[in-house]
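I have placed the structure first, in the form of C-alpha coordinates, so that the comments after it can refer back to it.
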Amino acid sequence: MSARGKAAIVGAAESDLGAVGSGFTPLDLIGQATERVLTDAGLEKKDIDGLFSASVYYQMPTLVVGEYLGIRPRYSDATMMGGSSFVSHLLHAAAAIEAGLCEVALVAYASTQLSEGGFRGVSDPPNPFETPYRARYPVSMYALAASRHMYEYGTTREQLAEVAVAARQWAKLNPKAFMRDDLTVEDVLASRMISSPLSLLDCCLVTDGGGALLVTSSERAKDLRKPPVYLLGAGEAHWHRNISQMPDLTVTAAADSGRRAYEMAGVGPESVDVTMLYDAFTINPILFLEDLGFCEKGEGGTFVEGGRTAPGGELPVNTNGGGLSYNHPGMYGLLLLIEAVRQLRGECGERQVEGAEVALAHGNGGVLSSQVTAVLGTQSVL
Amino acid sequence: MEELSEEMASAEAPAITYRRHLERGKLGYQRCAECSAAVFYPRVLCPLCGSGALEWRESAGRGTVYATTALHSRNRDPRNVVLVDLDEGFRMMSRVEGLPAGEVEIGARVRFEVRRGEEDEPVAVFVREEG
Ligand SMILES: [Zn+2]
(Lines give C-alpha, C1' and ligand atoms only; values in the text may rest on other atoms or scores of the structure.)
Protein backbone atom coordinates (compact mmCIF):
# COMPACT_ATOMS: atom_id res chain seq x y z
CA MET A 1 0.00 0.00 0.00
CA SER A 2 1.36 3.43 -0.89
CA ALA A 3 0.27 6.68 0.71
CA ARG A 4 0.99 8.58 -2.52
CA GLY A 5 -1.57 11.30 -3.03
CA LYS A 6 -3.95 9.92 -0.38
CA ALA A 7 -3.59 12.88 1.96
CA ALA A 8 -3.12 16.60 1.47
CA ILE A 9 -2.06 19.62 3.47
CA VAL A 10 -5.04 21.98 3.43
CA GLY A 11 -3.86 24.59 5.92
CA ALA A 12 -0.51 26.12 6.82
CA ALA A 13 0.16 29.02 9.17
CA GLU A 14 2.83 30.49 11.39
CA SER A 15 2.31 31.88 14.87
CA ASP A 16 3.90 35.23 15.68
CA LEU A 17 7.63 34.91 15.06
CA GLY A 18 10.90 36.39 16.26
CA ALA A 19 10.72 37.82 19.77
CA VAL A 20 7.10 37.65 20.92
CA GLY A 21 7.64 39.20 24.36
CA SER A 22 7.82 37.83 27.88
CA GLY A 23 4.91 35.96 29.38
CA PHE A 24 3.80 34.22 26.20
CA THR A 25 4.04 30.45 26.38
CA PRO A 26 4.53 27.95 23.54
CA LEU A 27 0.86 27.08 23.99
CA ASP A 28 -0.17 30.69 23.33
CA LEU A 29 1.76 30.61 20.06
CA ILE A 30 0.22 27.25 19.13
CA GLY A 31 -3.15 28.87 19.80
CA GLN A 32 -2.34 31.72 17.40
CA ALA A 33 -1.16 29.33 14.71
CA THR A 34 -4.23 27.12 15.15
CA GLU A 35 -6.68 30.00 14.74
CA ARG A 36 -4.83 31.10 11.61
CA VAL A 37 -4.55 27.63 10.12
CA LEU A 38 -8.28 26.99 10.52
CA THR A 39 -9.00 30.24 8.68
CA ASP A 40 -6.47 29.32 6.00
CA ALA A 41 -8.16 25.96 5.41
CA GLY A 42 -11.76 27.02 5.90
CA LEU A 43 -12.25 24.42 8.60
CA GLU A 44 -13.58 24.66 12.16
CA LYS A 45 -11.86 23.54 15.33
CA LYS A 46 -14.50 20.88 15.88
CA ASP A 47 -13.41 19.24 12.61
CA ILE A 48 -10.01 18.34 14.12
CA ASP A 49 -9.93 14.75 15.35
CA GLY A 50 -6.20 13.97 15.10
CA LEU A 51 -3.49 15.80 17.04
CA PHE A 52 0.27 15.72 16.41
CA SER A 53 2.91 17.63 18.37
CA ALA A 54 6.43 17.44 19.80
CA SER A 55 8.14 19.65 22.35
CA VAL A 56 11.22 20.24 24.46
CA TYR A 57 8.95 21.90 27.05
CA TYR A 58 6.21 19.36 27.62
CA GLN A 59 6.75 15.66 28.26
CA MET A 60 3.18 14.99 27.07
CA PRO A 61 2.78 17.53 24.29
CA THR A 62 -0.43 16.35 22.65
CA LEU A 63 -2.17 16.24 26.03
CA VAL A 64 -1.32 19.80 26.93
CA VAL A 65 -1.96 21.12 23.40
CA GLY A 66 -5.30 19.30 23.28
CA GLU A 67 -6.26 20.76 26.64
CA TYR A 68 -5.28 24.33 25.73
CA LEU A 69 -7.05 24.25 22.36
CA GLY A 70 -10.08 22.36 23.60
CA ILE A 71 -9.58 19.48 21.21
CA ARG A 72 -10.51 15.91 22.14
CA PRO A 73 -8.67 13.90 19.47
CA ARG A 74 -9.43 10.28 18.68
CA TYR A 75 -5.88 9.90 17.37
CA SER A 76 -2.77 11.42 18.95
CA ASP A 77 0.93 11.17 18.05
CA ALA A 78 3.77 12.83 19.97
CA THR A 79 6.69 11.29 18.06
CA MET A 80 9.79 13.17 19.21
CA MET A 81 12.87 13.01 17.01
CA GLY A 82 13.99 16.62 17.27
CA GLY A 83 13.45 19.09 14.46
CA SER A 84 12.43 16.42 11.96
CA SER A 85 9.48 15.34 14.10
CA PHE A 86 6.91 17.41 12.23
CA VAL A 87 7.80 15.99 8.82
CA SER A 88 7.35 12.61 10.48
CA HIS A 89 4.00 13.75 11.89
CA LEU A 90 2.88 14.57 8.34
CA LEU A 91 3.62 11.03 7.20
CA HIS A 92 2.05 9.53 10.32
CA ALA A 93 -1.04 11.71 9.85
CA ALA A 94 -1.39 10.52 6.25
CA ALA A 95 -1.15 6.91 7.41
CA ALA A 96 -3.67 7.45 10.22
CA ILE A 97 -6.11 9.15 7.83
CA GLU A 98 -5.71 6.35 5.28
CA ALA A 99 -6.36 3.82 8.06
CA GLY A 100 -9.52 5.66 9.12
CA LEU A 101 -8.17 6.53 12.57
CA CYS A 102 -8.76 10.24 12.08
CA GLU A 103 -9.94 12.55 9.31
CA VAL A 104 -8.57 16.04 10.02
CA ALA A 105 -5.14 16.18 11.65
CA LEU A 106 -3.59 19.22 13.31
CA VAL A 107 0.22 19.29 13.49
CA ALA A 108 1.35 22.06 15.85
CA TYR A 109 4.54 23.33 17.45
CA ALA A 110 5.96 26.47 19.06
CA SER A 111 8.78 27.74 21.23
CA THR A 112 9.26 30.97 23.16
CA GLN A 113 12.95 30.34 23.89
CA LEU A 114 14.26 33.75 22.82
CA SER A 115 11.85 35.67 25.05
CA GLU A 116 12.88 33.36 27.89
CA GLY A 117 16.54 34.23 27.44
CA GLY A 118 18.06 31.93 24.82
CA PHE A 119 18.49 28.46 23.38
CA ARG A 120 16.38 25.80 25.03
CA GLY A 121 17.58 22.30 24.22
CA VAL A 122 16.67 18.77 25.16
CA SER A 123 17.39 17.52 28.68
CA ASP A 124 18.53 13.92 28.42
CA PRO A 125 20.38 12.39 31.39
CA PRO A 126 24.20 12.71 31.24
CA ASN A 127 25.95 10.23 28.93
CA PRO A 128 29.15 8.96 30.62
CA PHE A 129 30.74 8.44 27.19
CA GLU A 130 30.21 11.99 25.90
CA THR A 131 29.27 14.36 28.73
CA PRO A 132 32.77 14.44 30.34
CA TYR A 133 34.22 16.09 27.22
CA ARG A 134 31.86 19.07 27.46
CA ALA A 135 31.14 19.40 23.76
CA ARG A 136 28.66 22.22 23.18
CA TYR A 137 25.34 20.65 22.20
CA PRO A 138 24.47 20.63 19.37
CA VAL A 139 26.98 22.86 17.55
CA SER A 140 30.10 20.82 18.34
CA MET A 141 28.53 17.67 16.93
CA TYR A 142 27.83 19.39 13.61
CA ALA A 143 31.33 20.90 13.74
CA LEU A 144 32.80 17.40 14.00
CA ALA A 145 30.85 16.38 10.88
CA ALA A 146 32.01 19.51 9.06
CA SER A 147 35.63 18.81 10.01
CA ARG A 148 35.41 15.35 8.52
CA HIS A 149 33.71 16.56 5.32
CA MET A 150 36.46 19.15 4.89
CA TYR A 151 39.14 16.50 5.47
CA GLU A 152 37.70 13.93 3.08
CA TYR A 153 36.40 16.16 0.31
CA GLY A 154 38.26 19.45 0.57
CA THR A 155 35.11 21.36 1.49
CA THR A 156 36.05 24.89 2.58
CA ARG A 157 34.80 27.41 5.13
CA GLU A 158 34.05 29.68 2.17
CA GLN A 159 31.70 27.04 0.77
CA LEU A 160 29.98 26.70 4.15
CA ALA A 161 29.62 30.49 4.20
CA GLU A 162 27.96 30.41 0.77
CA VAL A 163 25.09 28.48 2.38
CA ALA A 164 24.55 31.27 4.92
CA VAL A 165 24.78 33.96 2.24
CA ALA A 166 22.23 32.22 -0.01
CA ALA A 167 19.87 31.88 2.95
CA ARG A 168 20.22 35.58 3.70
CA GLN A 169 19.49 36.52 0.10
CA TRP A 170 16.24 34.56 0.27
CA ALA A 171 15.45 36.10 3.67
CA LYS A 172 15.71 39.56 2.16
CA LEU A 173 12.73 38.60 -0.01
CA ASN A 174 10.69 37.39 2.99
CA PRO A 175 9.10 40.12 5.15
CA LYS A 176 8.75 37.62 8.03
CA ALA A 177 12.46 36.77 8.13
CA PHE A 178 14.30 37.64 11.34
CA MET A 179 17.60 38.65 9.69
CA ARG A 180 17.44 40.71 6.51
CA ASP A 181 20.65 42.75 6.54
CA ASP A 182 23.29 42.34 3.84
CA LEU A 183 25.61 39.40 4.40
CA THR A 184 28.80 38.39 2.57
CA VAL A 185 31.07 35.35 2.68
CA GLU A 186 33.66 37.60 4.35
CA ASP A 187 31.17 38.51 7.10
CA VAL A 188 30.57 34.84 7.84
CA LEU A 189 34.28 34.03 7.94
CA ALA A 190 34.94 37.01 10.22
CA SER A 191 32.19 36.16 12.71
CA ARG A 192 33.16 34.82 16.13
CA MET A 193 34.38 31.22 16.09
CA ILE A 194 32.08 28.95 18.14
CA SER A 195 33.20 25.37 17.53
CA SER A 196 35.64 25.12 14.65
CA PRO A 197 35.10 25.09 11.74
CA LEU A 198 31.67 26.62 12.53
CA SER A 199 31.51 30.30 13.45
CA LEU A 200 28.52 32.27 14.70
CA LEU A 201 27.04 32.89 11.26
CA ASP A 202 27.32 29.20 10.35
CA CYS A 203 24.74 28.58 13.10
CA CYS A 204 20.96 28.87 12.94
CA LEU A 205 19.06 31.61 14.71
CA VAL A 206 17.64 31.33 18.21
CA THR A 207 14.11 32.74 17.96
CA ASP A 208 10.56 32.37 19.19
CA GLY A 209 8.09 30.98 16.72
CA GLY A 210 5.80 28.17 15.77
CA GLY A 211 3.23 27.01 13.33
CA ALA A 212 0.45 24.63 12.44
CA LEU A 213 -0.59 22.43 9.55
CA LEU A 214 -3.93 20.82 8.79
CA VAL A 215 -3.87 17.50 6.98
CA THR A 216 -6.86 15.60 5.64
CA SER A 217 -7.82 13.03 3.02
CA SER A 218 -7.41 14.06 -0.61
CA GLU A 219 -11.13 13.46 -1.01
CA ARG A 220 -12.09 15.96 1.68
CA ALA A 221 -9.32 18.37 0.60
CA LYS A 222 -11.06 19.07 -2.73
CA ASP A 223 -13.80 21.25 -1.23
CA LEU A 224 -11.73 23.43 1.07
CA ARG A 225 -10.58 27.03 0.77
CA LYS A 226 -7.08 26.65 -0.71
CA PRO A 227 -5.71 24.35 -3.43
CA PRO A 228 -4.62 21.10 -1.74
CA VAL A 229 -0.92 20.33 -1.48
CA TYR A 230 -0.65 16.56 -1.83
CA LEU A 231 1.76 14.31 0.02
CA LEU A 232 3.34 12.40 -2.85
CA GLY A 233 5.86 10.50 -0.79
CA ALA A 234 7.70 10.48 2.50
CA GLY A 235 10.38 8.44 4.22
CA GLU A 236 12.03 8.26 7.61
CA ALA A 237 15.39 6.97 8.78
CA HIS A 238 17.64 7.18 11.81
CA TRP A 239 20.90 5.40 12.47
CA HIS A 240 22.16 6.97 15.71
CA ARG A 241 21.38 9.45 18.48
CA ASN A 242 24.85 10.37 19.79
CA ILE A 243 27.42 11.75 17.37
CA SER A 244 30.07 9.23 18.48
CA GLN A 245 27.75 6.48 17.21
CA MET A 246 27.24 7.95 13.71
CA PRO A 247 28.83 5.40 11.37
CA ASP A 248 30.25 7.89 8.82
CA LEU A 249 30.10 11.60 9.65
CA THR A 250 29.87 12.51 5.97
CA VAL A 251 26.80 10.35 5.21
CA THR A 252 23.46 10.96 6.90
CA ALA A 253 20.38 8.73 7.07
CA ALA A 254 18.84 11.13 4.53
CA ALA A 255 20.28 8.68 1.99
CA ASP A 256 17.60 6.23 3.21
CA SER A 257 14.78 8.65 3.98
CA GLY A 258 15.19 10.35 0.61
CA ARG A 259 15.20 7.08 -1.33
CA ARG A 260 12.02 5.99 0.47
CA ALA A 261 10.32 9.33 -0.22
CA TYR A 262 11.29 9.34 -3.90
CA GLU A 263 10.15 5.73 -4.35
CA MET A 264 6.73 6.46 -2.91
CA ALA A 265 6.40 9.71 -4.87
CA GLY A 266 7.57 8.17 -8.13
CA VAL A 267 9.86 11.14 -8.78
CA GLY A 268 13.54 11.89 -8.27
CA PRO A 269 15.54 14.99 -7.38
CA GLU A 270 15.47 16.15 -11.02
CA SER A 271 11.71 16.79 -10.68
CA VAL A 272 11.96 18.99 -7.58
CA ASP A 273 11.22 22.70 -8.12
CA VAL A 274 11.66 23.93 -4.53
CA THR A 275 13.99 22.29 -2.01
CA MET A 276 13.63 22.91 1.72
CA LEU A 277 16.58 21.46 3.66
CA TYR A 278 16.80 21.76 7.43
CA ASP A 279 19.71 24.19 7.87
CA ALA A 280 20.54 24.11 11.57
CA PHE A 281 24.14 24.72 10.53
CA THR A 282 25.73 25.51 7.16
CA ILE A 283 27.11 21.97 6.79
CA ASN A 284 23.56 20.53 6.81
CA PRO A 285 22.36 21.58 3.34
CA ILE A 286 25.69 20.43 1.88
CA LEU A 287 25.25 16.95 3.37
CA PHE A 288 21.57 16.77 2.39
CA LEU A 289 22.13 17.92 -1.21
CA GLU A 290 24.49 14.95 -1.50
CA ASP A 291 22.43 12.40 0.39
CA LEU A 292 19.20 13.39 -1.39
CA GLY A 293 20.80 12.98 -4.80
CA PHE A 294 21.12 16.59 -5.98
CA CYS A 295 24.86 16.01 -6.41
CA GLU A 296 27.43 13.27 -5.79
CA LYS A 297 28.86 12.56 -2.32
CA GLY A 298 31.61 15.06 -1.62
CA GLU A 299 30.45 17.60 -4.19
CA GLY A 300 28.04 19.53 -1.96
CA GLY A 301 30.57 22.26 -1.22
CA THR A 302 31.24 22.89 -4.90
CA PHE A 303 27.50 22.64 -5.63
CA VAL A 304 26.56 25.61 -3.44
CA GLU A 305 29.25 27.91 -4.87
CA GLY A 306 28.34 30.90 -6.98
CA GLY A 307 24.82 31.31 -5.64
CA ARG A 308 23.46 28.14 -7.23
CA THR A 309 20.93 27.72 -4.38
CA ALA A 310 20.29 31.48 -3.95
CA PRO A 311 17.56 33.57 -5.64
CA GLY A 312 18.11 33.33 -9.40
CA GLY A 313 20.19 30.14 -9.02
CA GLU A 314 19.33 26.88 -10.74
CA LEU A 315 18.11 25.10 -7.57
CA PRO A 316 16.06 27.25 -5.16
CA VAL A 317 16.90 26.04 -1.63
CA ASN A 318 15.32 27.34 1.59
CA THR A 319 13.33 30.09 -0.05
CA ASN A 320 12.02 31.47 3.27
CA GLY A 321 15.57 32.22 4.42
CA GLY A 322 15.85 29.00 6.39
CA GLY A 323 16.78 28.39 9.98
CA LEU A 324 19.88 30.48 9.30
CA SER A 325 18.08 33.75 8.49
CA TYR A 326 14.27 33.38 8.72
CA ASN A 327 13.39 31.67 11.99
CA HIS A 328 14.58 28.78 14.16
CA PRO A 329 12.38 28.20 17.19
CA GLY A 330 14.43 25.31 18.62
CA MET A 331 12.85 22.83 16.21
CA TYR A 332 12.23 24.10 12.69
CA GLY A 333 10.76 21.20 10.70
CA LEU A 334 7.19 22.51 10.75
CA LEU A 335 8.22 25.89 9.35
CA LEU A 336 9.99 24.38 6.35
CA LEU A 337 6.81 22.46 5.52
CA ILE A 338 4.80 25.70 5.70
CA GLU A 339 7.12 27.33 3.16
CA ALA A 340 6.89 24.31 0.83
CA VAL A 341 3.09 24.54 0.96
CA ARG A 342 3.11 28.26 0.21
CA GLN A 343 5.48 27.83 -2.72
CA LEU A 344 3.22 25.16 -4.24
CA ARG A 345 0.18 27.44 -3.74
CA GLY A 346 2.01 30.33 -5.40
CA GLU A 347 1.68 32.55 -2.29
CA CYS A 348 5.31 33.62 -1.91
CA GLY A 349 5.34 37.02 -3.56
CA GLU A 350 8.83 38.27 -4.37
CA ARG A 351 10.47 34.95 -3.51
CA GLN A 352 7.97 32.81 -5.44
CA VAL A 353 9.55 30.09 -7.58
CA GLU A 354 7.63 30.39 -10.85
CA GLY A 355 5.51 27.39 -11.73
CA ALA A 356 6.54 25.33 -8.70
CA GLU A 357 4.75 21.97 -8.82
CA VAL A 358 6.97 19.68 -6.73
CA ALA A 359 8.62 20.59 -3.43
CA LEU A 360 10.93 18.54 -1.25
CA ALA A 361 10.92 19.21 2.50
CA HIS A 362 13.67 17.55 4.49
CA GLY A 363 13.75 17.52 8.28
CA ASN A 364 16.77 16.81 10.47
CA GLY A 365 16.67 16.00 14.17
CA GLY A 366 19.13 15.44 17.00
CA VAL A 367 22.74 15.61 15.82
CA LEU A 368 22.32 14.59 12.17
CA SER A 369 20.39 11.71 13.76
CA SER A 370 16.80 11.62 12.54
CA GLN A 371 16.18 12.29 8.85
CA VAL A 372 12.68 12.60 7.40
CA THR A 373 11.97 13.54 3.80
CA ALA A 374 8.63 14.53 2.25
CA VAL A 375 7.84 15.16 -1.40
CA LEU A 376 4.82 17.43 -1.92
CA GLY A 377 3.03 18.31 -5.14
CA THR A 378 0.19 20.25 -6.67
CA GLN A 379 -2.90 18.76 -8.34
CA SER A 380 -1.07 18.91 -11.69
CA VAL A 381 1.48 16.24 -10.69
CA LEU A 382 -0.91 13.95 -8.81
CA MET B 1 12.84 -16.88 42.53
CA GLU B 2 15.95 -17.29 44.68
CA GLU B 3 18.04 -18.42 41.72
CA LEU B 4 16.89 -15.45 39.68
CA SER B 5 17.85 -13.06 42.48
CA GLU B 6 21.35 -14.50 42.65
CA GLU B 7 21.78 -14.19 38.92
CA MET B 8 20.67 -10.60 38.97
CA ALA B 9 22.95 -9.76 41.86
CA SER B 10 25.99 -11.10 40.00
CA ALA B 11 25.47 -8.88 36.94
CA GLU B 12 27.39 -5.62 36.80
CA ALA B 13 26.20 -2.63 34.81
CA PRO B 14 28.32 -2.08 31.68
CA ALA B 15 29.09 1.51 32.66
CA ILE B 16 30.43 0.29 36.03
CA THR B 17 32.71 -2.29 34.40
CA TYR B 18 33.97 0.39 32.03
CA ARG B 19 34.76 2.68 34.95
CA ARG B 20 36.56 -0.10 36.83
CA HIS B 21 38.81 -0.48 33.81
CA LEU B 22 39.57 3.25 33.84
CA GLU B 23 40.34 3.13 37.56
CA ARG B 24 43.06 0.59 36.71
CA GLY B 25 44.38 2.78 33.89
CA LYS B 26 42.81 0.59 31.18
CA LEU B 27 40.47 1.37 28.30
CA GLY B 28 37.81 -1.34 28.30
CA TYR B 29 35.62 -2.23 25.34
CA GLN B 30 33.55 -5.24 24.34
CA ARG B 31 33.99 -7.88 21.64
CA CYS B 32 30.99 -9.87 20.41
CA ALA B 33 31.57 -13.62 20.72
CA GLU B 34 29.05 -14.29 17.93
CA CYS B 35 30.01 -11.81 15.19
CA SER B 36 33.39 -10.47 16.41
CA ALA B 37 32.22 -6.84 16.31
CA ALA B 38 34.07 -4.38 18.52
CA VAL B 39 31.38 -2.70 20.63
CA PHE B 40 31.59 0.74 22.24
CA TYR B 41 29.93 2.28 24.25
CA PRO B 42 29.53 -0.85 26.38
CA ARG B 43 26.07 -2.42 26.53
CA VAL B 44 24.30 -5.73 27.14
CA LEU B 45 23.66 -6.82 23.55
CA CYS B 46 25.59 -6.53 20.33
CA PRO B 47 24.16 -3.72 18.17
CA LEU B 48 25.25 -5.58 15.04
CA CYS B 49 23.91 -9.11 15.51
CA GLY B 50 21.82 -8.87 18.69
CA SER B 51 23.80 -11.44 20.63
CA GLY B 52 24.13 -11.04 24.38
CA ALA B 53 27.55 -12.70 24.36
CA LEU B 54 29.74 -9.63 24.79
CA GLU B 55 33.19 -10.12 26.28
CA TRP B 56 35.24 -7.38 27.90
CA ARG B 57 38.65 -6.63 26.39
CA GLU B 58 41.41 -4.17 27.15
CA SER B 59 42.29 -1.86 24.29
CA ALA B 60 45.96 -1.23 23.48
CA GLY B 61 44.90 2.43 23.63
CA ARG B 62 46.26 3.41 20.21
CA GLY B 63 44.07 5.21 17.71
CA THR B 64 43.65 7.82 14.99
CA VAL B 65 41.77 11.12 15.19
CA TYR B 66 38.62 10.78 13.02
CA ALA B 67 37.08 14.23 13.55
CA THR B 68 37.98 17.29 15.62
CA THR B 69 36.61 20.61 16.80
CA ALA B 70 38.02 23.44 18.92
CA LEU B 71 35.46 25.09 21.21
CA HIS B 72 36.01 28.79 21.70
CA SER B 73 34.92 30.68 24.82
CA ARG B 74 35.24 34.38 25.55
CA ASN B 75 37.85 34.42 28.32
CA ARG B 76 39.54 31.07 27.94
CA ASP B 77 41.83 29.18 25.62
CA PRO B 78 39.93 27.03 23.13
CA ARG B 79 39.48 23.41 24.13
CA ASN B 80 39.26 20.40 21.96
CA VAL B 81 36.76 17.56 21.40
CA VAL B 82 37.55 14.67 19.07
CA LEU B 83 36.24 11.38 17.84
CA VAL B 84 39.00 8.75 17.92
CA ASP B 85 39.03 5.49 15.96
CA LEU B 86 40.80 2.88 18.11
CA ASP B 87 42.91 0.29 16.35
CA GLU B 88 40.64 -2.50 17.64
CA GLY B 89 37.81 -1.11 15.50
CA PHE B 90 35.66 1.05 17.75
CA ARG B 91 35.13 4.80 17.94
CA MET B 92 34.78 7.04 20.98
CA MET B 93 34.46 10.70 21.89
CA SER B 94 37.39 12.18 23.80
CA ARG B 95 39.84 15.07 23.81
CA VAL B 96 43.48 15.33 22.81
CA GLU B 97 45.70 16.97 25.42
CA GLY B 98 49.17 18.45 25.22
CA LEU B 99 48.77 20.74 22.23
CA PRO B 100 46.64 23.76 21.36
CA ALA B 101 43.01 22.80 20.63
CA GLY B 102 43.13 24.11 17.07
CA GLU B 103 46.25 22.11 16.20
CA VAL B 104 44.71 18.69 16.66
CA GLU B 105 44.58 17.18 13.17
CA ILE B 106 42.42 14.49 11.65
CA GLY B 107 44.59 11.46 10.92
CA ALA B 108 46.95 12.11 13.85
CA ARG B 109 48.00 9.06 15.83
CA VAL B 110 47.05 9.28 19.49
CA ARG B 111 47.53 7.27 22.69
CA PHE B 112 45.09 6.73 25.58
CA GLU B 113 45.68 8.09 29.08
CA VAL B 114 43.48 8.57 32.15
CA ARG B 115 42.79 11.95 33.72
CA ARG B 116 40.58 12.96 36.63
CA GLY B 117 37.33 14.79 35.91
CA GLU B 118 35.57 17.57 37.81
CA GLU B 119 34.24 15.14 40.42
CA ASP B 120 37.46 13.12 40.56
CA GLU B 121 36.00 10.54 38.19
CA PRO B 122 38.41 8.86 35.76
CA VAL B 123 38.15 10.19 32.19
CA ALA B 124 39.67 8.66 29.05
CA VAL B 125 41.74 11.22 27.12
CA PHE B 126 44.39 11.00 24.42
CA VAL B 127 47.83 12.47 23.82
CA ARG B 128 49.72 12.65 20.57
CA GLU B 129 51.75 9.54 19.80
CA GLU B 130 55.43 10.47 19.61
CA GLY B 131 57.39 9.88 16.42
ZN1 LIG C 1 27.50 -9.40 17.32
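Computation of the quantities below employed the complete heavy-atom set of this structure, encompassing side-chain atoms and omitting hydrogens, waters and symmetry-equivalent molecules. Naming convention: chains lettered A, B, ... in sequence-line order (proteins, then strands); numbering from 1 in each chain.
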Can you tell me if CZ on Arg241(A) sees more than 12 non-hydrogen neighbours from other groups inside 6.0 Å? yes

Scanning both residues in full, the closest heavy-atom pair of Ala67(B) with Arg148(A) reads CB-CB, 4.5 Å

As an exercise: rank Ala145(A), Pro247(A), Ala146(A) by heavy-atom pairs under 4.5 Å with chain B and give me the winner. Pro247(A)

For the residue pair Asp248(A) and Tyr66(B), establish whether any side-chain heavy-atom pair is separated by less than 4.5 Å. yes

To the nearest 0.5 Å, how far apart are CD in Glu130(A) and OH in Tyr41(B)? 9.0 Å

Among residues 17-40 of chain B, which ones touch chain A with a heavy-atom distance under 4.5 Å? Tyr18(B), Phe40(B)

Quick check on the structure: residues of residues 49-56 of chain B within a heavy-atom distance below 4.5 Å of chain A, by number. none

Side chain, backbone, both or neither: which part of Arg134(A) has a heavy atom under 4.5 Å from chain B? both

Checking heavy-atom separations under 4.5 Å from chain A, one finds in residues 93-115 of chain B Met93(B), Ser94(B), Arg95(B), Ile106(B), Gly107(B)

By a 4.5 Å heavy-atom criterion (distance strictly below it), what part of Ile243(A) contacts chain B: side chain, backbone, both, or neither? both

Would you name the heavy atoms of Ala124(B) and Tyr133(A) that are closest together and state the gap between them? O-OH, 2.5 Å

Tell me whether the count of non-hydrogen atoms from other residues, nucleotides or ligands lying under 6.0 Å of CD in Glu152(A) goes above 12. yes

Are there residues of residues 68-87 of chain B whose heavy atoms fall under 4.5 Å of chain A's heavy atoms? If so, which? Thr68(B), Thr69(B), Ala70(B), Leu71(B), His72(B), Ser73(B), Arg74(B), Arg76(B), Arg79(B), Val81(B), Val82(B), Leu83(B)

At a heavy-atom separation under 4.5 Å, does Ile194(A) approach chain B through its side chain, its backbone, both, or neither? backbone

